[in-house]
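Some notes on the structure that comes next.
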Amino acid sequence: MAAHDSVIPKKSLGQHWLHDTSVLEAMCQAANVQSGEYVLEIGPGLGTLTDILLSCGAEVLALEYDPGLITKLHTKYDDRPSSEIFIQEGDIRTYDFSYLPEHYKIVANIPYYLTAYLLRLLTETPYKPDVTALLVQKEVAERVAARPGALSFIAVAVQFYYEVSLGEVVPAELFTPPPKVDSQILILKSRATPLFQEVDTKQFFQLVKAGFSQRRKTLLNSLSAGLHISRDQTIKILQSADIAPTQRAQTLSLVQWHQLYAAAYL
């Protein structure tokens, strides 16, 4: 019996073990992990991805929430120096990213329930990773990487800060236990320069949130209600941005959102 067979995944923590070496290697390749780079791995679990990261020569911070798994990880990597791997008990939802070095990457197979929270953290923290490769629910990966016509608030928020691309699709049957849906590698590369100059991000995302507040309604209706301004004011803003009042939020490109922001606030 393999060692991992004796560890029962906890449904309450969304644990699904992945042992397919080719997929684990694809995740590291998606983040272009190089020797000497600092990598934050969220939820290392049994250390299967950790092993691949270490074989790439990365310095790994393994952040694990499950105390039982932390003990096993310490035992597994007992002969490794802390300069190669540091195992830390913690919750990514309350983790202080300021402790990380200026240049770092994230590579992780995360529980599905954490995905939205982590994506929000990655947009809000001032300490953004250079590259992130996450194994997430396929539908979520596609939503984050969507183009105009199928955009959502989370897609606009992530694409504002990162260049988004999709990697390998991972069938559910490769996990133990298998989840109900397939997964996919989501790749986020931090933008070297801001997508737009001189943007008040609080105002920008207030505008975007208002636009998506009533997805089935036109921008005229959703912006008027979401920003608490008159329909006449909203029409003037939309016309100034060269956007039809009948358009819906999901059809706008990021450039159009910026035009709308400029018309509303500049």
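Numbering starts at 1 and runs along the sequence shown.
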* Report the C-alpha distance between N32 and Q34 in whole Å, list the side-chain angles of each, state the deciding distance to 0.1 Å, and finish with yes or no for side-chain hydrogen bond (donor to acceptor under 3.5 Å, both in side chains). => CA-CA 6 Å; N32 192 28; Q34 302 294 314; 2.7 Å; yes

* **L122/K128 under side chain to side chain contact (heavy atoms under 4.5 Å, CB included): CA gap, chis, key distance, verdict** => CA-CA 6 Å; L122 292 177; K128 292 177 174 55; over 6 Å; no

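Between F97 and Y104, the ring planes lie tilted relative to each other; the angle falls in the 30° to 60° range.
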Sequence neighbours excluded and cut-off under 3.5 Å, please list the side-chain donor-acceptor pairs for residues 137-154, or say none.
unit_1 : atom_1 : unit_2 : atom_2 : d
K138   : NZ     : E142   : OE2    : 2.5
E139   : OE2    : R143   : NH2    : 3.1
R147   : NH1    : A145   : O      : 3.3
S152   : OG     : A155   : N      : 3.4

Could you go through residues 255-263 and list every donor-acceptor pair under 3.5 Å that involves a side-chain atom there, pairing it with any protein atom two or more places apart or in another chain?
unit_1 : atom_1 : unit_2 : atom_2 : d
Q256   : OE1    : S253   : N      : 3.0
Q259   : NE2    : A241   : O      : 3.0
Y261   : OH     : D200   : N      : 2.9

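M27 has its side chain within reach of L49: a pair of non-hydrogen atoms, C-beta onward, lies under 4.5 Å apart. Between Q247 and L220, every side-chain heavy-atom pair lies at or beyond the 4.5 Å cut-off.
Counting non-hydrogen atoms of other residues, nucleotides and ligands closer than 6.0 Å to CG of D96 gives a total above 12. Atom NZ of K217 has 12 or fewer neighbouring heavy atoms from other residues, nucleotides or ligands inside a 6.0 Å radius.
A donor and an acceptor atom, one from each side chain of D130 and Y38, are nowhere located under 3.5 Å apart. Judged purely by distance below 3.5 Å, without hydrogens or angles, the side chains of S230 and D232 never pair a donor atom with an acceptor atom. T94 and D91 form no side-chain donor-acceptor contact under 3.5 Å, judged by distance and modelled atom types alone. With hydrogens and angles left out, the side-chain atoms of S183 and Y112 include a donor and acceptor closer than 3.5 Å.
Once rounded to the nearest 0.5 Å, the distance linking CD1 of I106 with CD1 of I92 reads 6.0 Å.
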